[in-house]
Each structure stands twice: as structure tokens, then as C-alpha cells.
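These notes concern the structure reproduced below.
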2 protein chains.
Amino acid sequence: MSKKAQITVSQIIQAALSVAADKGAGKVTLDAVAKAAGVSKGGLIYHFPSKEALISAMVQHLLDEADCRREQQTQLEQSTLAALLQTRASFTRQIAGNTAMAILAAAAEQPALLKPVQQHNIAMLQQVQAEHQQSPQALLLFLASEALVFHDLLQISPFTEQERIDLEQLLVQQARELQA
Amino acid sequence: MSKKAQITVSQIIQAALSVAADKGAGKVTLDAVAKAAGVSKGGLIYHFPSKEALISAMVQHLLDEADCRREQQTQLEQSTLAALLQTRASFTRQIAGNTAMAILAAAAEQPALLKPVQQHNIAMLQQVQAEHQQSPQALLLFLASEALVFHDLLQISPFTEQERIDLEQLLVQQARELQA
DNA sequence: TTTACTGTACCAACCAGTCGGTTTTTTGTG
DNA sequence: CACAAAAAACCGACTGGTTGGTACAGTAAA
């Protein structure tokens, strides 16, 4: 794959994300994505031989991005859990529009496409559990944070913006205190 | 609406739920639901003038059912929170197949269809908060339980069956101790 | 020469919703 | 209770539009 092709692939994925965010999970069609990416449908199919491949790439892209940000944050925090919660607090809403509908599109299309998400989650959980010796409280914090993400995902958060911010800080705070 | 019509409506909703569970959220089509319900497409449309109406009814049905079960459980527990967690522990997986894909179908189709779910959630949360004087720990338990539900919803639970059961019992236990 | 596309035309499958007509149920009346 | 008229419930072929994917001839760049 040449450099230009890499750029094109990246553009297509970004376009797919923005279509999902703007039009909704159900409107991620090949034509719409191609148009948004400034690419012909033939060009899209050239890189992603099927819609499934495209959505799979979207999901993978999001996971990679999340990983990257968490790694950076890890250097500023004492524990994986604290870094994880802080990362989610900082970026969740910012990328929520993109992520939410993308994940949803994947789930509705074919639940198997979320398997990478599950494995990613398992890895996170194991690391947190290991760092805190299976502490139930650490597990609770981890799960609570996930609930907040899911709320955004489905756009059913019961919190106001401020409540949400306070809550996220509470989670981070408790995570930091856990090992202190 | 006659008695027979009520039965038909109920059959259609049940059929819609089972189609969602069996075939996936993306496969909830009017034809598929009609066939599963043993009803013609015309008959389906007669009762639900649009797909949106059908999915909306599905969601409402699930909320009503959940409400009913929680009310029963409330009489056996000391707090709303404990009842809520225990109800989820007992029934989540049993109805997960149905519920999961139904909610997902609604979300992918049109996020606004989940508004009743959100309001339902807000009401729950307020009651829990009121009963426990805004206790952060109660909130954490509530959120953790929601995370478990969402895991089932998207079929991305990082837990084994046994871990899941233990975890649910842990949540219930902590909820009961909260006000003791 | 291979890779990376463009552009267009096309297709089969699918899908929400319509419509004219039929059956079943309810209701008003003697 | 009997019975017809009216209303409600239901049928299923059909329509118009969309979608994922194909085919392919041609072009531009690496």
C-alpha cells in the first residue's frame, strides 16, 4: 500500500465516522461514505471489499485511538485505572458523537463486529484487577465509568453536563485514593 | 380495540422481540415480524402504522415489564436500590436476548426512540439518590449494575458466567449493607 | 508495469408503506 | 334471539425507493 493509498484509507474511515455521527448509525451506506470521503464508490470498494470490512476498520480505528490516548495518560497517573478514568473523562464527550454511532452501527449490523471491543475490554479489566488485587471497589469504579460511556453511546444519560463532570472527577479521585 | 385485537397486538410485539433476538437488530423488518406473528403485513400495519410505532411499542413493552418485576421485588427488599439490583440479577440474562437487540434496533433506527428509556432511567436514579441521601457509593452501585446490563446489550461482557453471578450478588449485598 | 483509482451503468435483493378488497366482529333494531 | 348494516380487523399483491455489490473501460501516478 502506497502512502497515498494510506491517506485515502484514512480519509474513508474518517468519512465513515462523520457520516455515522451526522446522519445516524442506520445511514452509514457505502454511497454516503464514498461521497463524504471525496472518493468514488469504486475507489471505496477497492480498499474495503465489503461494508463489513469498512465497519470493522472503523471499530479498530477507534480502539487504537483510545489506546493511544490512554497510554499517554498512563504516564501522568499512578495506576492504570486512574489513567483510564481520567482519559474517559477528558475525551468521552469530545469523541462521543463519532464513536457512539459508529459502535452502534457495528452492533446493529452484526454483533460479531464488536468482538475486538470485548477483547479490548477484557484486557483492560484484567490489568485493573491485577493492579488492585481484585479489589471490589476498583471493579466498581471501572464498571461505573463504563456505564457513563454507554450512556453517551445510546444518548440516554440521566445526568446533566455538570453532574456528569462532577461524577467523572469523583471516579478519578476515588481511583487515585485506592492505592494511596 | 376488541379482545382479539389486543391479543394480535401482543403477538406482534412478542414476534418483533423474538425476531430481534434471533436474527439481530438489523433484521427487524415489517415482513419478518409479520411472518413471525402469523399475521399479514397489512394486519401489522393496521395496528402499527409505521415501523417507528412498532419499535416504540417494543421499547415501551420492555419498560413496563421491567417496572412490573421491580415492583414485585421491592416488597422483598429494604430499598429501591437493592430491589433494582436484585431484579436485574435475576432476570437480566433471561430476557437479555429479547431486550438487547430490541433496544439496539431502536437506537440504530432512530436514537429518539430511546427517550422513554432515558426518562425511566432518570426516575430510577432520582429515587435511589433520594433514598440514600446522594451517597456516592449508592450511585456507584447503580452505575455498575447498568454497565452489566449494557454488556449484555452489546454482547461484550468481559466476565464469565460465574464471575457475572458473583458480581451481581456482590452488588446486591453492598446495596443491602448501605443503609444497615 | 503495477497500483490506485474514476465514472457510470447496472443488478438483484430488500424494505417501508399503499391499496383495494375480504373476512370477522360489533352494534343497532325489531 | 335474529339479522342486517356498519365498523373493525385483516389480507397480500404491488410500488417506489434504497442498498450492497458488480462490471468494466479508461486514467493518473508511483
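Chain letters run A, B, ... following the sequence lines, proteins first, then strands; residues in each count from 1. Values below: all heavy atoms of this structure, side chains included; hydrogens, waters and symmetry mates excluded.
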Measure [atom1]/[X] against [atom2]/[N] and give the value in whole Å, please.
X     : N      : atom1 : atom2 : answer
A:F48 : D:dT22 : CZ    : P     : 16 Å
B:I12 : C:dA16 : CD1   : C1'   : 15 Å
A:K27 : D:dG20 : NZ    : P     : 12 Å
B:D31 : D:dC11 : CG    : P     : 13 Å
A:Q11 : C:dC5  : CD    : C1'   : 13 Å
A:K35 : C:dT6  : NZ    : P     : 15 Å
B:Q6  : C:dT25 : CD    : P     : 15 Å
B:L30 : C:dC15 : CG    : P     : 9 Å

Base, sugar-phosphate, or nothing: which does [X] touch, judged by heavy atoms less than 4.0 Å apart?
X     : value
B:I45 : base
A:K41 : base
A:V28 : sugar-phosphate
B:T29 : sugar-phosphate

Under 4.0 Å: is that the gap between some side-chain N or O of [X] and OP1 or OP2 of [N]?
X     : N      : result
A:Y46 : C:dC5  : no
B:H47 : D:dA9  : no
B:T8  : D:dC10 : yes

When you check the gap from the basic side-chain N to the acidic O, do B:D152 and B:R164 get nearer than 4.0 Å?
->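 Salt bridge: yes.
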
Cationic N near anionic O, under 4.0 Å, A:E168 to A:R88 |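 Not counted as a salt bridge, because no side-chain N and carboxylate O are separated by less than 4.0 Å.
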
Out of [options], whichever nucleotide has its closest atom nearest the side chain of [X]:
X     : options               : value
A:S2  : C:dA4, D:dG20, D:dC11 : C:dA4
B:K51 : C:dA16, D:dC11, C:dC5 : C:dA16
B:V39 : D:dC11, C:dA16, C:dC5 : D:dC11

Give the cluster check for A:Y46 versus A:L44: same hydrophobic cluster or not, with ILVMFWY residues linked at side-chain heavy-atom distances below 4.5 Å.
->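 Different clusters: A:Y46 never reaches A:L44 through Ile, Leu, Val, Met, Phe, Trp or Tyr contacts under 4.5 Å.
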
B:Q127-B:T80 side chain donor-acceptor pair, cut-off 3.5 Å |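 On atom types as modelled, these side chains qualify, holding a pair under 3.5 Å.
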
For A:A57 against A:F48, the heavy-atom pair lying closest together =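 Distance-wise, the nearest heavy atoms are CB-CE2, 3.6 Å.
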
